[in-house]
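Here you go, one structure.
Every heavy atom of this structure was used, including side-chain atoms; hydrogens, water molecules and symmetry mates were not.
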Amino acid sequence: MFAIPESFVSKTISLAGEEGRTWIERLPSILTACEQYWNLTIGFPFDLSYNYVAPAICKNGTRVVVKVCLPNDELTEVEALRQFDGRGMVRLLEYNKDERVMLLERLWPGTLLSTVEDDEKATSIATSVMRQLWRPVPQEHPFPTVFDWGKGFACLRQHYTGGCGPFPPALLAEAETLFAELSASMTDLVLLHGDLHHENILIAERKPWLAIDPKGLVGEPAYETGALLRNQLSVVLKSSRPGRVMARRVDQLAEELGLDRTRVRGWGLAQAVLSVWWSIEDFGRLEDCDRDTLMCAELLAAIKV
């Protein structure tokens, strides 16, 4: 009745174990309940990663998206969507807390920023979305902070019993130092998206471009640029002068957002290394894409500050 790709099933079980297997078994009944409760018809899912996300059409013809979240997901996304309230961001229409299902605005036509071949233009579009997003931090909130995410470095060292594993020692040491120093010197904290890259920015009707899938993170604006720097790396690595392309990205982000270039470069380097560790945590090994991310960190390390 509902399409549940085998690759998605395998990844879910790999990430969540028996809890993930049980959730997969319940997924058809969850989707059936969504169709009945919200009076809609669910279509074929999008290319899936960690959650089940599919387009749907309401009885009145309104296009929406149904997102069913894994049971072990912290789901700060819901509160982040409420805080952003459609400013630079997809709107949350309804939320079923018991089944952890979101009903979201459908961004139409939904073309990804990753399809924009001109990297300078794509970067400029991303900065325009960033400027709309950042909100004051609520007095009480469930969001992690940049400090919380930085604890990943301690986990990395513990996992490799104080060593570096597959990480180049000098690069890891620089990433650790930068993350600690930048975290300690942050000012003007705001609510960030937390994972704003080329496949989380889509063409929409309400606005030219809007973001999806916010993590919800408290930190300084310069932190937000890291995800963009380490994505669409084929554009950078296939260039005859990849270092120059990466340096241009850093300069453009700093200039268009009014940020300190040194902090943009530093956050980008530190986060690239940390993101590789998160991938190893999830999948237990170094993936091919992680090697590109490490190369990204090396390119950022080579930029003079």
Notebook entry, point to check: Between Thr145 and Asp148, do the side chains contain an N or O donor and an N or O acceptor separated by less than 3.5 Å?
Noted result: yes
Notebook entry, point to check: In terms of heavy-atom contacts, does CZ of Arg87 have more than 12 from other residues, nucleotides or ligands at under 6.0 Å?
Noted result: yes
Notebook entry, point to check: So, for Gly194 and Glu224, which heavy atoms are closest and what is the spacing to 0.1 Å?
Noted result: N-OE1, 2.8 Å
Next item on the list: Using modelled atom types only, decide if a donor and an acceptor are shared between the side chain of Gln252 and the backbone of Glu120 within a distance under 3.5 Å.
Entry: yes
Margin query: Using only atom types and a distance under 3.5 Å, with no angle test, would you say the side chain of His193 pairs donor to acceptor with the backbone of Ile212?
Written below: yes
Next item on the list: Might you confirm whether atom CE of Met186 has over 12 heavy atoms from other residues, nucleotides or ligands at distances under 6.0 Å?
Entry: yes
Checklist line | Test salt bridge (charged side-chain N to carboxylate O under 4.0 Å, His left out) applied to Glu117 and Lys238, step by step | finding: CA-CA 13 Å; Glu117 295 183 359; Lys238 289 181 180 179; over 6 Å; no
Margin query: Does Ile203 form a side-chain contact (heavy atoms from CB on, under 4.5 Å) with Trp209? I'd like the steps, not just the answer.
Written below: CA-CA 4 Å; Ile203 292 178; Trp209 296 89; 3.2 Å; yes
Next item on the list: Could you tell me whether the side chain of Arg265 and the main chain of Ala301 form a donor-acceptor pair under 3.5 Å?
Entry: yes
Check: Can you check side chain to side chain donor-acceptor pair (under 3.5 Å) on Ser279 and Asp282, steps first, answer last?
Finding: CA-CA 5 Å; Ser279 177; Asp282 283 345; over 6 Å; no
Checklist line | Check: Ser128 main-chain N/O paired with Gln132 side-chain donor or acceptor under 3.5 Å | finding: yes
Notebook entry, point to check: Are Leu171 and Val305 connected, step by step, through hydrophobic side chains (Ile, Leu, Val, Met, Phe, Trp, Tyr) whose heavy atoms are closer than 4.5 Å?
Noted result: no
Notebook entry, point to check: How many angstroms lie between CH2 in Trp267 and OG1 in Thr262, if you round to the nearest 0.5 Å?
Noted result: 13.5 Å
Item checked: Lys/Arg-Asp/Glu bridge criterion (N-O < 4.0 Å) met for Arg135, Asp85 -> no
Next item on the list: Applying side-chain contact (heavy atoms from CB on, under 4.5 Å), run through Tyr160 and Leu172 and close with a yes or a no.
Entry: CA-CA 12 Å; Tyr160 295 113; Leu172 177 55; over 6 Å; no
Next item on the list: For salt bridge (charged side-chain N to carboxylate O under 4.0 Å, His left out), just list the numbers for Arg21 and Glu19, CA-CA rounded to whole Å, side-chain angles, deciding distance to a tenth of an Å, and then say yes or no.
Entry: CA-CA 5 Å; Arg21 188 186 302 276; Glu19 188 177 25; over 6 Å; no
Item checked: Closest non-hydrogen atom pair, Leu104 against Lys67 -> CD1-CB, 4.1 Å
Item checked: Note, Trp38 side chain near Val101 side chain (heavy atom, < 4.5 Å) -> yes
Notebook entry, point to check: Where is the tightest heavy-atom contact between Ala211 and Val129, given as atom of each residue plus distance?
Noted result: CB-CG1, 4.1 Å
Item checked: Heavy-atom donor-acceptor pair, Arg261 side chain to Ala254 backbone, under 3.5 Å -> no
Checklist line | Test log, rule side chain to side chain donor-acceptor pair (under 3.5 Å), inputs Arg263 and Ser185 | finding: CA-CA 10 Å; Arg263 298 187 76 85; Ser185 58; 3.0 Å; yes
Item checked: Ser239 side-chain N/O to Val235 backbone N/O, donor-acceptor pair under 3.5 Å -> no
Check: Within a radius of less than 6.0 Å around CG of Asp118, do more than 12 heavy atoms belonging to other residues, nucleotides or ligands occur?
Finding: yes
Next item on the list: Step through the shown structure and confirm whether more than 12 heavy atoms of other residues, nucleotides or ligands are within 6.0 Å of OH on Tyr37.
Entry: no
Margin query: Testing the basics here: between Val90 and Leu81, what is the closest heavy-atom pair and its distance to 0.1 Å?
Written below: O-CD2, 3.5 Å
Checklist line | Passing candidate, side chain to side chain contact (heavy atoms under 4.5 Å, CB included) with Val64, options Ile42, Leu40, Ile57 | finding: Leu40
Next item on the list: Measure across Phe84 and Pro214 and return the closest heavy-atom pair with its distance rounded to 0.1 Å.
Entry: CE1-CB, 4.0 Å
Check: Does atom CG of Leu112 have more than 12 heavy-atom neighbours, drawn from other residues, nucleotides or ligands, at distances under 6.0 Å?
Finding: yes
Notebook entry, point to check: Heavy-atom count around Asp188 CG within 6.0 Å, excluding the residue itself: above 12?
Noted result: no
